[in-house]
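Letters A, B, ... mirror the listed sequences (proteins, then strands); counts begin at 1. Owing to the predicted nature of the structure, the values given are computational and were not obtained by experimental measurement. Just the heavy atoms: all of them, side chains too, but no hydrogens, waters or symmetry mates, feed the values below.
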Amino acid sequence: MRRDHYGGLIVVSRISSFFSSKAGNFRSQFRLLCIASNSFTTTHTFSPLLRQCIDERWLPGIKTIQAQMLKYGFPIQLSGSKLVDVGLKCGEIGYAREVFDEMPERHIVTWNSLIAYFIKHRRSKEAVEVYRLMITSNVSPDEYTLSSVFKAFSDLGFEKEAQRSHGLAVVLGLEVSNVFVGSALVDMYVKFGKTREAKLVLDRVEEKDVVLITALIVGYSQKGEDAEAVKAFRSMLGEGVQPNEYTYASVLISCGNLKNVSNGKLIHGLMIKSGFDSALGSQTSLLTMYLRCGLVDDSLWIFKCIEYPNQVTWTSLISGLVLNGREEMALTEFRKMMRDSVKPNSFTLSSGLRGCSNLAMFEEGRQIHGIVTKYGFDRDKYAGSGLIDLYGKCGCSDMARSVFDGLNEVDVISVNTMMYSYAQNGLGREALELFERMMNLGLQANDVTVLSVLLACNNSGFVDEGCEFFESFRKGKVVLTNDHYACMVDMLGRAGRLDEAERLVNEVVNPDLVLWRTLLSACKIHRNVEMAERLKRKILEMAPGDEGALILMSNLYASTGKWNRVIEMKSDMRGMKLKKSPAMSWVDVDRETHTFMAGDLFSHPNSEQILETLEELIKKAKKVGYVEDKSCVFQDMEESAKERSLHQHSEKLAIAFAVWRNAGGSIRILKNLRVCVDCHSWIKIVSRVIKREIICRDSKRFHHFRDGSCSCRDYW
DNA sequence: TTAGGGTTAG
């Protein structure tokens with residue numbers, strides 16, 4: 001390059017030829033010029049270069065020129081707006097802010113750009129600070145400012161300030177005339193949970209568009225005002241506004257919550273027609289809708305059509321399958337997701353864990369715990385609650401507690417889960433201590449809290465305490481449901497306070513079958529035939545042929561020796577084609593689940609060994625005092641046959657199998673019905689004989705058998 | 001040169 005005192009101009013002309021060239025080329029030439037030429041000495045040289053750098057939003061170039069200009073003492077007369085703009089676009093917020101702060105006057109666009117940058121990067125506090133500075137500098141915000149800043153207010157929960165700015169938007173006429181401002185306001189009120197206000201804003205906006213209406217639908221959907229969401233969707237169609245993938249995504253969730261398949265299918269059709277059925281977000285909602293409506297097959301078909309399911313899609317599938325009682329399939333899908341290298345998040349993990357806890361799959365759950373740890377969700381409240389639930393439902397309250405103590409945030413749900421775990425495992429005192437702590441923390445109790453407290457009292461036999469709690473809950477904020485009453489009825493009923501229990505049922509506005517059946521089962525325990533018959537009539541009026549009631553009656557007649565009535569009941573049941581569901585037990589040995597059915601002695605491949613071991617165990621148990629309790633046999637048969645029938649209960653078979661396989665550790669049994677008195681006393685003795693803990697989860701609660709006694713203290 | 005909405009959970 002030629003250097004003379006005209007050098008600057010020569011450089012300029014050369015540079016001009018670079019203007020049309022591509023960015024990369026320009027930049028490398030620029031660097032060369034910086035190194036090779038000391039001709040950057042006139043403003044003529046700087047200006048075009050600077051313009052090019054700005055056009056290319058190339059901050060390092062700008063900075064170099066600025067440094068040069070400073071070096072040669074040229075005044076910097078640059079447009080601050082441009083520099084801020086370039087700074088923001090290059091992500092150099094420090095630089096942009098520096099320039100911004102030095103500007104004596106700022107264009108409104110510059111204010112807006114800075115606010116928008118902070119909001120985009122979720123730095124709401126700084127956005128609001130700039131906005132406040134704007135107001136105190138007497139710069140009037142415009143539609144761009146307001147449509148941005150409302151998001152920051154909702155993010156920070158600044159309701160009062162938000163209302164003042166809303167007032168400003170009204171004064172400026174922007175609330176009505178600018179749909180961006182309107183949408184931002186709707187979105188903000190939705191995030192504050194104020195759908196009524198959001199709707200009022202929407203109604204005032206002159207020209208409604210898809211985003212505005214969708215924001216409101218989202219609000220309704222997220223707040224559980226699902227019927228309103230569907231209504232808003234309909235009126236949107238009526239007004240001729242075309243929904244898009246976001247709209248479909250939200251309204252479908254509401255259809256799912258309403259279990260309104262017909263609407264859901266209609267909307268599915270609209271989606272296909274308008275071509276929005278291939279967007280992942282709306283596909284995921286479609287999947288969720290079908291799952292919440294219980295149409296598992298349809299949802300699997302939808303899932304199959306999704307080419308690249310993401311984390312959310314997988315989670316939706318897994319949680320939906322668990323919701324529909326398809327835990328095994330949910331876990332298979334969970335494993336498939338991991339194989340496809342899609343990372344789970346805390347939602348996914350908690351869904352997977354719930355699948356395990358429903359089936360008390362301890363080993364499988366432990367493996368997911370490993371994944372929870374691997375991805376760093378150990379202290380997360382969602383995954384954590386899943387773990388607490390798992391360990392609670394597997395009978396390991398200690399492990400549940402250690403997860404609970406490690407959480408980085410305790411909320412109502414995690415405390416509830418922990419309390420419920422204690423309650424199920426008969427650790428009532430621990431549950432109540434936690435309840436007290438929760439009150440001290442100022443956490444608001446909800447319906448699950450109330451249920452956990454009552455269940456804790458029920459399962460631990462704290463009847464008087466339970467009644468006291470119940471009375472105070474009645475005066476509290478939580479609306480009591482039939483479930484709460486059922487728990488109390490069970491508690492009073494089991495304690496033999498049948499009249500009180502019946503009075504309580506009569507106090508309920510809409511007593512359901514569960515309540516009456518609970519009372520009936522208390523009659524069975526206390527062998528109150530007269531009251532039971534009265535209740536049976538009532539239940540059969542409500543639900544002719546109710547299986548639960550008939551079985552309870554038949555067992556009650558059997559336990560009071562009224563065999564003729566038993567035969568009558570059984571033939572009635574046969575007439576109605578009702579069959580008692582078979583008693584089943586499941587036991588996990590070496591990560592495999594084995595199923596046993598009462599009375600089924602031959603279908604297991606190891607039947608011979610199982611029966612041998614069982615005989616051995618019964619013999620040993622008898623030596624230390626086990627005597628069959630034949631009152632548990634609800635069939636009229638000879639005494640020896642009764643004994644045989646008792647020996648064939650599914651949990652006895654399952655335990656014998658586990659003992660034969662001699663896998664270490666505790667024996668974990670899951671049962672579909674409740675444990676009978678005979679098995680209960682037998683297992684107590686066996687736990688001492690074999691010196692192993694046996695944990696049995698029946699349909700209602702846990703029994704931890706250890707060294708001859710059970711955690712339920714024989715009260716269940 | 002500046003602006004708005006979604007899908008998964010206990």
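For A:I119, the side-chain contact (heavy atoms from CB on, under 4.5 Å) criterion is met by A:I115, A:A127, A:S148, A:K151, A:A152, not counting sequence neighbours.
By the 5.5 Å and 30° criteria, A:Y246 is not stacked with the base of B:dG6.
Counting any heavy atom pair closer than 4.0 Å across all strands shown, A:S282 reaches a base atom. Note on A:S113: only backbone sugar-phosphate atoms sit closer than 4.0 angstrom, heavy atoms only; bases stay farther off. Within 4.0 Å of A:V179, counting heavy atoms only, lies at least one base atom of the nucleic acid. At a threshold of 4.0 angstrom between heavy atoms, the contacts of A:I413 include nucleobase atoms, whether or not backbone atoms are also involved. At a threshold of 4.0 angstrom between heavy atoms, the contacts of A:V109 include nucleobase atoms, whether or not backbone atoms are also involved. A:N345 comes within contact range of at least one nucleobase, with a heavy-atom separation under 4.0 Å. Within 4.0 Å (heavy atoms only), A:S221 reaches no atom of the nucleic acid at all. A:L212 comes within contact range of at least one nucleobase, with a heavy-atom separation under 4.0 Å.
Between A:Y131 and A:P141 there is a side-chain heavy-atom pair separated by less than 4.5 Å. Put simply, the side chain of A:Y95 does not reach to within 4.5 Å of the side chain of A:V86, judged on heavy atoms.
Regarding contacts with the backbone of B:dT8, a side-chain N or O of A:R292 is found under 4.0 angstrom from either OP1 or OP2. Of the side-chain N and O atoms in A:Q311, none sit less than 4.0 angstrom from OP1 or OP2 of B:dT7.
With A:K381 contributing its side chain and A:D411 its backbone, the two residues share no donor-acceptor pair below 3.5 Å.
Using a cutoff of 4.0 Å between basic side-chain nitrogens and carboxylate oxygens, A:K231 and A:E225 are not scored as salt-bridged.
The A:I253 side chain lies nearest to B:dT8 when the options are B:dA3, B:dG6, B:dT8.
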With salt bridge (Lys or Arg N to Asp or Glu O under 4.0 Å) as the criterion, how do A:K89 and A:D85 come out once you've worked through the C-alpha distance, each side chain's angles and the decisive distance to 0.1 Å? CA-CA 6 Å; A:K89 284 194 176 120; A:D85 181 47; 2.8 Å; yes
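For B:dG6, the base has no donor-acceptor partner in the side chain of A:S250 [N/O atoms by modelled type, under 3.5 angstrom]. Judged by distance alone, with hydrogens and angles left aside, A:D209 brings a side-chain donor or acceptor within reach of the base of B:dG4, the pair sitting under 3.5 Å. Put simply, the side chain of A:S148 and the base of B:dA3 share no donor and acceptor less than 3.5 Å apart.
Rounding to whole angstrom units, OH of residue A:Y144 and P of B:dA3 are separated by 8 Å.
When each of A:C293, A:S316, A:S319, A:S299 is checked for a side chain to side chain contact (heavy atoms under 4.5 Å, CB included) with A:T288, only A:S316 meets the rule.
Contacts between residues 320-336 of chain A and DNA chain B, defined by a heavy-atom separation below 4.0 Å, involve no residue at all.
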